[in-house]
K.L.:
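The structure that follows is given in the form of structure tokens.
As the structure is a prediction and not an experimental result, all values here were calculated from the model.
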Amino acid sequence: GAGMSLFGSARITVGPTGSIYGGNEGIKSGVNSTLSNSGNISGQVGVQFHPTFGSIANSGAIFGNSVGVFLVGTLVNSGIVQSIGGPAVSMALVGNNITNTGTIDGNSGIALSQGTNGFLNTVVNSGSIYGRNQAGILMDVSNDVVINNGFIQAFNTTRAGGNHPLFDQMLRGFNVPGVGLVDGIT
């Protein structure tokens, strides 16, 4: 079953020391619910807010064996959403919004489906989105909007001779033979 199953609209907060685990879903709601997570949530599906609109603000960790987050609505991620068997984030129906400054990591990073004209799905990324065996972002409809300022922006800034904080974070402490440790400053 689910670690937490809701049948009415709810506001859920999982604090930094909180943890929710479910054999099927970590948290499941079929009604307009809001989740603020800074703890750990896991299950076959980490969080499922479907078929009606929901909202998730994640600064913690959401893990699913098959899907990390299955959602109709809005996801704001500054933590990690991960899945080993399917998409880290699966957004169904129309008008979904994802803002990512953290990490989204799965078989495919994000799967957007069933968008229609006038109801675009939007992804704004300044973090990292990984698709381990498929695309980072799978889209059914070509009019979905993807704004990527994450790794691509860091690469372009560095290629032009500048420094970008993303590479500082990624490479800090890395030992370059004959040069020394990367400190992110010099």
Side-chain angles (χ1 to χ4, degrees), residues 1-83 85-127 129 136-148:
M4 178 184 288
S5 187
L6 306 163
F7 298 100
S9 179
R11 292 188 184 278
I12 307 154
T13 300
V14 179
T17 60
S19 182
I20 296 177
Y21 169 77
N24 292 329
E25 299 90 359
I27 297 176
K28 178 180 182 178
S29 175
V31 185
N32 301 335
S33 290
T34 301
L35 168 65
S36 176
N37 178 51
S38 58
N40 294 294
I41 301 170
S42 62
Q44 276 299 101
V45 175
V47 176
Q48 177 176 315
F49 283 4
H50 183 269
T52 61
F53 185 85
S55 176
I56 299 172
N58 179 54
S59 61
I62 299 174
F63 175 79
N65 286 324
S66 59
V67 177
V69 169
F70 182 46
L71 174 69
V72 175
T74 299
L75 170 64
V76 177
N77 180 55
S78 60
I80 183 166
V81 178
Q82 189 173 38
S83 173
V89 177
S90 180
M91 304 290 276
L93 303 175
V94 296
N96 298 298
N97 295 292
I98 299 172
T99 301
N100 180 53
T101 59
T103 300
I104 295 175
D105 179 4
N107 191 40
S108 61
I110 298 171
L112 301 172
S113 63
Q114 300 178 6
T116 59
N117 290 334
F119 294 100
L120 304 175
N121 295 303
T122 303
V123 177
V124 178
N125 178 51
S126 58
I129 299 173
I137 302 174
L138 295 172
M139 297 182 289
D140 278 353
V141 180
S142 63
N143 61 352
D144 287 332
V145 176
V146 176
I147 301 169
N148 186 6

K.L.:
Which of these passes side-chain contact (heavy atoms from CB on, under 4.5 Å) with V69: V45, N58, I41, V81?
P.N.:
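By the side-chain contact (heavy atoms from CB on, under 4.5 Å) criterion, V69 pairs with just one of V45, N58, I41, V81: V81.
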
K.L.:
Only pairs under 3.5 Å count here: list side-chain donor-acceptor contacts from residues 23-30, not counting sequence neighbours, and write none if there are none.
P.N.:
from: S29; atom 1: OG; to: V31; atom 2: N; distance (Å): 3.3
from: S29; atom 1: OG; to: V31; atom 2: O; distance (Å): 3.0
from: S29; atom 1: OG; to: S33; atom 2: OG; distance (Å): 2.8

K.L.:
Quick one: does L71's side chain get under 4.5 Å of V89's, heavy atoms only?
P.N.:
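No, too far: nothing below the 4.5 Å cut-off.
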
K.L.:
side-chain hydrogen bond (donor to acceptor under 3.5 Å, both in side chains) with N107: which residues, sequence neighbours excluded?
P.N.:
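For N107 the side-chain hydrogen bond (donor to acceptor under 3.5 Å, both in side chains) partners, ignoring immediate neighbours, are N133.
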
K.L.:
Between CG of N37 and OG of S19, what distance do you get to the nearest 0.5 Å?
P.N.:
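N37 CG to S19 OG: 9.5 Å, rounded to 0.5 Å.
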
K.L.:
Return the minimal non-hydrogen interatomic distance between V67 and S90, and the atom names on each side.
P.N.:
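Heavy atoms of V67 and S90 come nearest at CG1-CB, 4.1 Å.
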
K.L.:
When rounded to the nearest 0.5 angstrom, what is the spacing between CD1 in I104 and CD1 in I80?
P.N.:
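I104 atom CD1 to I80 atom CD1 measures 10.0 Å (nearest 0.5 Å).
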
K.L.:
If you round to the nearest 0.5 Å, how far is CD1 of I147 from OG1 of T122?
P.N.:
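These two atoms lie 7.0 Å from each other.
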
K.L.:
To the nearest 0.5 Å, tell me how far N97 CG sits from M91 CE.
P.N.:
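Interatomic distance, N97 CG to M91 CE, rounded to 0.5 Å: 7.0 Å.
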
K.L.:
Is the backbone N or O of N100 less than 3.5 Å from a side-chain atom of N77, with the two atoms forming a donor-acceptor pair by type?
P.N.:
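Such a contact is absent between N77 side chain and N100 backbone.
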
K.L.:
Is the backbone of N32 close enough, under 3.5 Å, to the side chain of S9 for a donor and an acceptor to pair up by distance?
P.N.:
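The answer is yes, because a donor-acceptor pair under 3.5 Å joins these two groups.
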
K.L.:
Just grab all the ring pair (Phe, Tyr, Trp, His ring centres under 6.0 Å) pairs involving residues 33-81, residues at least two apart or on different chains.
P.N.:
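The answer is H50-F70.
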
K.L.:
Judged by atom type as modelled, is there a donor-acceptor pair below 3.5 Å linking the side chain of S83 to the main-chain atoms of G64?
P.N.:
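Answer holds: yes.
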
K.L.:
Can you confirm whether I62 sits close enough to I56 that some side-chain heavy atom of one is under 4.5 Å from a side-chain heavy atom of the other?
P.N.:
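The answer is yes, as the side chains (C-beta and beyond) meet within the 4.5 Å cut-off.
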
K.L.:
Are L6 and I12 close enough that some pair of their side-chain heavy atoms sits under 4.5 Å apart?
P.N.:
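Yes; the side chains approach each other to less than 4.5 Å.
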
K.L.:
Is there a donor-acceptor pair closer than 3.5 Å between any side-chain N or O of S66 and the backbone N or O of Q44?
P.N.:
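Judged by distance alone, yes, a pair lies under 3.5 Å.
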
K.L.:
Rounded to the nearest 0.5 Å, what's the gap from CD1 on I110 to CG on D105? Could you check?
P.N.:
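Rounded to the nearest 0.5 Å, the CD1-CG separation comes out at 11.5 Å.
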
